[in-house]
Amino acid sequence: TDDDPIAVMNEIARRFEDTDPFQGASVTFGSADLLVELAGDSLDAVRGPVLDVIRGTPGVVWTKTLFIYSEPWRARP
């Protein structure tokens, strides 16, 4: 980020509100300032939020995206 990482993390969380696919965010140290976890039933369910919400948040300079597939760890309603 080019700003306070905690402020940027809070802005990302605010933009998602309580909706899927946002699962949480953490401030990190190293090559990235923030780690944002998204989850969805398909790649399309998380691709849009990465492109639209995260990359469009003020203070986000660049993103590096990693997609991992795993079986659901919790039951979906």
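It should be emphasised that the depicted structure is a prediction, and the values quoted were computed from it without experimental measurement.
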Problem set entry | M9: which of T57, L34, D4 passes side-chain contact (heavy atoms from CB on, under 4.5 Å) | L34
Exercise. Can you name the nearest heavy-atom pair linking G56 to R15, along with the distance?
Worked result: O-NH1, 3.4 Å
Problem set entry | Nearest non-hydrogen partners of G40 and A45, listed with the distance | CA-CB, 4.1 Å
For this session: Taking all heavy atoms of P21 and all of V46, pick out the closest pair and write down the distance.
Result: CB-CG1, 3.8 Å
Exercise. Within a strict 4.5 Å, meaning less than it, do heavy atoms of the I54 and L38 side chains meet?
Worked result: yes
